[in-house]
Novice: 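First the structure, which I've put down as C-alpha cells, then a few questions once you've had a look.
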Amino acid sequence: MNEYKKKIAFIINPISGTQSKEQILKWLDEKLDKERYEQEVIYTERAGHAVEIAAQKAQENAHAVIAIGGDGTINEIARSLVHTKTALGIIPCGSGNGLARHLQIPMEPKKAIDIINDGLIDIIDYGKINNVPFFCTCGVGFDAFVSLQFSKAGRRGPLTYLEKTLLESLKYRPETYELEMDGSTLRYKAFLIACGNASQYGNNAYIAPQATLNDGLLDVTILEPFTVLDVPSLSFQLFNKTIDQNSRIKTFRCQTLRIHRSKPGVVHFDGDPMMMGENIDVKIMKKGLQVIVPHDAEKDTNVLQRAQDYINGLKQINDSFVEDIAHKNKMILDKGKRQFKKLTKM
C-alpha cells in the first residue's frame with residue numbers, strides 16, 4: 001500500500017554535466033526498489049528552483065530528496081534540507097561532483113541508485129560563508145576567480161575548467177588577507193584561501209585532504225605565491241591527496257574564521273561564484289544535514305587507489321579534450337561544406 005512507502009523526490013537539473021538524464025530515468029525505473037519507495041521526478045526550470053522544490057518536499061515530510069546533477073544542484077537542494085528530517089541523496093552527474101566523491105558515492109548512476117536502495121543515512125556538518133550555506137568547499141582568491149570565469153563559459157566540463165585555470169593563472173595576482181580566528185590575527189599574501197567541509201573541489205582534486213564531514217571543524221588551506229617551477233608538484237599533490245605536504249601550503253583547523261581583504265570581490269561556495277564585501281565570515285554548522293551514504297562512506301583510500309584516481313582524472317580531461325577537438329573539427333568541416341556549396345552555385 002502507498003501509505004507504507006517512503007516518499008522520495010528526484011530533482012533533475014537538465015543542463016548539468018554531460019550525461020543523459022533520460023538514460024538515468026530509465027535506470028531509475030528499472031532499479032529503484034518500488035516496494036519501499038514512492039517516487040516523484042521534477043525538473044528544475046531556473047537557477048534557484050531546486051531550493052524551492054526541496055523546501056516544499058521537506059515541509060511535506062518526504063523521506064529524501066535526490067539530486068540528479070552537480071554540486072550547484074546539490075547545494076540548492078541541501079540548503080533547504082538542513083535541520084529537517086528529510087535526507088539528501090545524490091546521483092552525481094555534474095562537472096566536479098566534489099561532495100559525492102568525498103562520500104564515495106559511485107559516479108556510475110546505476111551504482112548510485114543501489115546506494116539509495118540501501119538507504120543508509122548519516123548526519124554531516126555544513127558550512128556558511130556570510131550566511132550562505134556550503135557543503136563541500138568555499139574560498140577566496142584564484143579558485144573563486146576561476147569559478148566566475150567558468151560560470152560565464154558556454155561549455156561545461158573538466159576541459160573548460162582546465163582551460164580557464166591555465167589562462168587565468170598566467171595573469172592572476174595574489175592578494176594580502178588578514179585572518180581572524182581563536183582571538184588571534186594572522187596576515188598572509190595568498191594565491192587562494194580554501195575552507196573545506198569536505199576534502200576536495202571535485203574531480204578528485206583534494207584541496208583539504210584531511211577534512212572530514214563530521215568533525216565540527218573547517219579545514220583551511222592557504223596557498224602562498226609560487227613560481228612556475230612549483231606547478232608540477234602542486235598539481236600532482238592536489239590529485240594525490242598530499243598537497244598539505246607542500247612547502248607553499250599552510251593549513252589549520254577552526255570552527256569560525258573571518259577573512260578581511262582590501263576591497264570587495266568574488267568568493268565561491270561549492271564551485272559557484274558570488275560577489276561579497278571586504279569582510280568574509282566562515283563558520284561550521286555541526287550535524288546539520290542527513291545524507292544517504294554508502295556503507296563505507298568516509299573510509300580512507302590507500303596510496304594505490306589515490307594514484308588510480310589521479311590517472312582517472314587525467315583520462316577524463318584527455319577524453320574531454322579529444323571530444324572538444326572532434327567538435328571543433330566538425331564545425332570547421334561543416335563550415336567548409338557550406339562555403340563550397342555557395343561557390344558551386346555561383
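Predicted model, so just to flag it, every value in this text is computed and none were measured.
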Novice: Shortest non-hydrogen contact from Asp71 to Asn97?
Specialist: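 In this case the closest contact between Asp71 and Asn97 is OD2-N, 3.4 Å.
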Novice: Answer yes or no: is there a donor N or O on one side and an acceptor on the other, between the side chain of Arg173 and the main chain of Phe191, under 3.5 Å?
Specialist: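 Looks like no, no N/O pair under 3.5 Å.
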Novice: Please collect all side chain to side chain donor-acceptor pair (under 3.5 Å) contacts where either partner lies in residues 183-196, sequence neighbours excluded, each pair once.
Specialist: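 Pairs touching residues 183-196 that pass the test: Glu178-Arg187.
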Novice: Hey, does Gln255 have a side-chain heavy atom less than 4.5 Å from the side chain of Lys283?
Specialist: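 Result no, sub-4.5 Å side-chain heavy-atom pair not found.
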Novice: Identify the heavy atoms of Ile68 and Ile24 that sit nearest to each other, and give their distance.
Specialist: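 Residues Ile68 and Ile24, closest heavy atoms: CG2-CD1, 4.1 Å.
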Novice: Flag the pair Ile193 / Val220 as yes when at least one side-chain heavy-atom distance between them is below 4.5 Å, and no otherwise.
Specialist: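 Side-chain contact under 4.5 Å: yes.
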Novice: Let me confirm one number: the CD1-CG distance from Ile11 to Asn13, rounded to the nearest 0.5 Å.
Specialist: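 Ile11 CD1 to Asn13 CG: 10.5 Å, rounded to 0.5 Å.
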Novice: Are Leu186 and Tyr177 grouped together when hydrophobic residues (ILVMFWY) are joined by side-chain heavy atoms under 4.5 angstrom apart?
Specialist: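 The answer is yes; both residues are in one hydrophobic cluster.
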Novice: Gly98 and Gln200: which non-hydrogen atoms are nearest, and at how many Å?
Specialist: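 Closest approach of Gly98 to Gln200: O-CG, 3.8 Å.
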Novice: Do Asn197 and Tyr126 pair up side chain to side chain, a donor and an acceptor below 3.5 Å, judged on atom types alone?
Specialist: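 The criterion, which ignores hydrogens and geometry beyond distance, is not satisfied for Tyr126 and Asn197.
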Novice: Do NZ/NE/NH1/NH2 and the carboxylate oxygens of Asp125 and Lys287 come within less than 4.0 Å?
Specialist: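 Looking at Lys287 together with Asp125, the answer is no, because their closest N to O distance does not fall below 4.0 Å.
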Novice: Flag yes if more than 12 heavy atoms outside Glu35 fall under 6.0 Å of its CD atom; otherwise flag no.
Specialist: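 Incorrect, the count does not exceed 12.
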Novice: Kindly give the heavy-atom pair with the smallest separation between Ile292 and Ile116, and that separation in Å.
Specialist: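 Heavy-atom minimum between the residues: CG2-CA, 4.1 Å.
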Novice: Apply the test side-chain contact (heavy atoms from CB on, under 4.5 Å) to residues Thr44 and Arg46: give CA-CA distance (whole Å), side-chain angles for both, the deciding distance (0.1 Å), then the verdict.
Specialist: CA-CA 6 Å; Thr44 60; Arg46 60 188 181 279; over 6 Å; no
Novice: On the 0 to 90° scale, with breaks at 30° and 60°, tag the Tyr172-Phe145 ring pair as parallel, tilted or perpendicular.
Specialist: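 Geometry flag for Phe145 against Tyr172: tilted rings.
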Novice: Test the Lys5-Tyr37 pair against the cation-pi criterion, namely NZ or CZ under 6.0 angstrom from the six-membered ring centroid and within 45° of the ring axis.
Specialist: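 Judged by the rule (NZ or CZ under 6.0 Å from the ring centre, within 45° of its axis), Lys5 is not positioned above Tyr37.
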Novice: Would Ile123 end up clustered with Ile8 when hydrophobic side chains under 4.5 Å apart are linked, directly or stepwise?
Specialist: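 Not linked; separate clusters.
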Novice: I'd like to know if the side chain of Glu76 and the backbone of Gly48 have a donor-acceptor N/O pair within less than 3.5 Å.
Specialist: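 Looks like yes, one N/O pair under 3.5 Å.
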Novice: Verify, without hydrogens or angle tests, whether Thr221 (side chain) and Ile207 (backbone) share a donor-acceptor contact under 3.5 angstrom.
Specialist: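 Pair found, side chain donor or acceptor close to backbone of Ile207.
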Novice: Hey, could you give me the SG/CD distance between Cys93 and Gln23, rounded to the nearest 0.5 Å?
Specialist: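 Interatomic distance, Cys93 SG to Gln23 CD, rounded to 0.5 Å: 12.5 Å.
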Novice: How would you list all residue pairs meeting salt bridge (Lys or Arg N to Asp or Glu O under 4.0 Å) that involve residues 198-223, not counting sequence neighbours?
Specialist: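 Listed by first then second residue: Asp219-Arg253.
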Novice: So do the side chains of Ile42 and Lys57 get within less than 4.5 Å of each other, counting heavy atoms only?
Specialist: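 Yes, their side chains come closer than 4.5 Å.
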Novice: Would you say the side chain of Ile121 lies within less than 4.5 Å of the side chain of His63, judging by non-hydrogen atoms?
Specialist: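 In short, these two side chains touch, coming nearer than 4.5 Å.
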Novice: Closer than 3.5 angstrom, by distance alone: can the side chain of Arg248 be matched with the main-chain N or O of Thr227 as a donor-acceptor pair?
Specialist: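 Pair absent, no side-chain N/O of Arg248 close to backbone of Thr227.
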Novice: Once rounded to the nearest 0.5 Å, what's the spacing between atom CD of Gln290 and atom OG1 of Thr84?
Specialist: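 It comes to 7.0 Å.
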Novice: Could you tell me whether the side chain of Leu234 reaches within less than 4.5 Å of the side chain of Phe226, counting heavy atoms only?
Specialist: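 Yes, side chains in contact.
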Novice: Decide if atom NZ of Lys34 counts as having more than 12 heavy atoms of other residues, nucleotides or ligands within a radius under 6.0 Å.
Specialist: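 Yes, because the 6.0 Å sphere around NZ of Lys34 holds more than 12 heavy atoms from other groups.
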Novice: Going by the side-chain contact (heavy atoms from CB on, under 4.5 Å) test, name the single residue among Leu81, Ile77, Val82, Asn75 that passes it with Arg79.
Specialist: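 It is Asn75, the one option of Leu81, Ile77, Val82, Asn75 that forms the side-chain contact (heavy atoms from CB on, under 4.5 Å) with Arg79.
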Novice: Between Asn117 (side chain) and Asp33 (backbone), is there a donor-acceptor pair under 3.5 Å?
Specialist: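 Checked: pair present.
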Novice: About how many Å separate SG of Cys195 and CD1 of Ile222, when rounded to the nearest 0.5 Å?
Specialist: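 Atom-to-atom, Ile222:CD1 and Cys195:SG are 8.5 Å apart.
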Novice: To the nearest 0.5 Å, what is the distance between OG on Ser247 and CD on Glu224?
Specialist: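 Separation between the atoms: 8.5 Å.
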Novice: Side chains of Gln245 and Asn240, heavy atoms from C-beta outward: is any pair under 4.5 Å?
Specialist: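 The answer is no, as the side chains (C-beta and beyond) never meet within the 4.5 Å cut-off.
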Novice: Below 4.0 angstrom, N of the basic side chain to O of the carboxylate: do Glu40 and Lys7 qualify?
Specialist: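 Salt bridge absent between Glu40 and Lys7.
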Novice: If you apply the rule side-chain contact (heavy atoms from CB on, under 4.5 Å), what do you find for Phe10 with Ile91, and how did you get there?
Specialist: CA-CA 9 Å; Phe10 293 84; Ile91 298 178; 4.1 Å; yes
Novice: So, for Ile105 and Ile90, which heavy atoms are closest and what is the spacing to 0.1 Å?
Specialist: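 So the two residues come closest at CG2-O, 3.7 Å.
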Novice: Check step by step if side-chain contact (heavy atoms from CB on, under 4.5 Å) holds for Tyr206 and Ile243.
Specialist: CA-CA 7 Å; Tyr206 293 93; Ile243 196 168; 5.7 Å; no
Novice: Mind checking what makes side-chain hydrogen bond (donor to acceptor under 3.5 Å, both in side chains) contact with Glu45, not counting sequence neighbours?
Specialist: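 For Glu45, no residue satisfies side-chain hydrogen bond (donor to acceptor under 3.5 Å, both in side chains) once neighbours in sequence are set aside.
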Novice: Assess the residue pair Val282 and Thr256 against the criterion (side-chain contact (heavy atoms from CB on, under 4.5 Å)); give the C-alpha distance rounded to whole Å, side-chain angles, the decisive distance to 0.1 Å, and a yes or no.
Specialist: CA-CA 6 Å; Val282 187; Thr256 62; over 6 Å; no
Novice: Can you give me the closest heavy-atom contact between Ile284 and Gly216, atom names plus distance?
Specialist: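 Looks like CG2-O, 3.2 Å.
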Novice: Pairing donors with acceptors under 3.5 angstrom, does anything connect the side chains of Gln56 and Glu52?
Specialist: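 Result is no, nothing qualifies.
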Novice: Within the side chain of His102, is there an N or O that forms a donor-acceptor pair under 3.5 Å with the backbone of Ser199?
Specialist: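 Yes.
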Novice: With no hydrogens and no angle check, is any side-chain donor or acceptor of Asp143 less than 3.5 Å from a backbone partner on Leu192?
Specialist: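 A pair under 3.5 Å: no.
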Novice: In Å, rounded to the nearest 0.5 Å, how long is the span from CG of Asn246 to OG1 of Thr251?
Specialist: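 The CG atom of Asn246 sits 11.5 Å away from the OG1 atom of Thr251.
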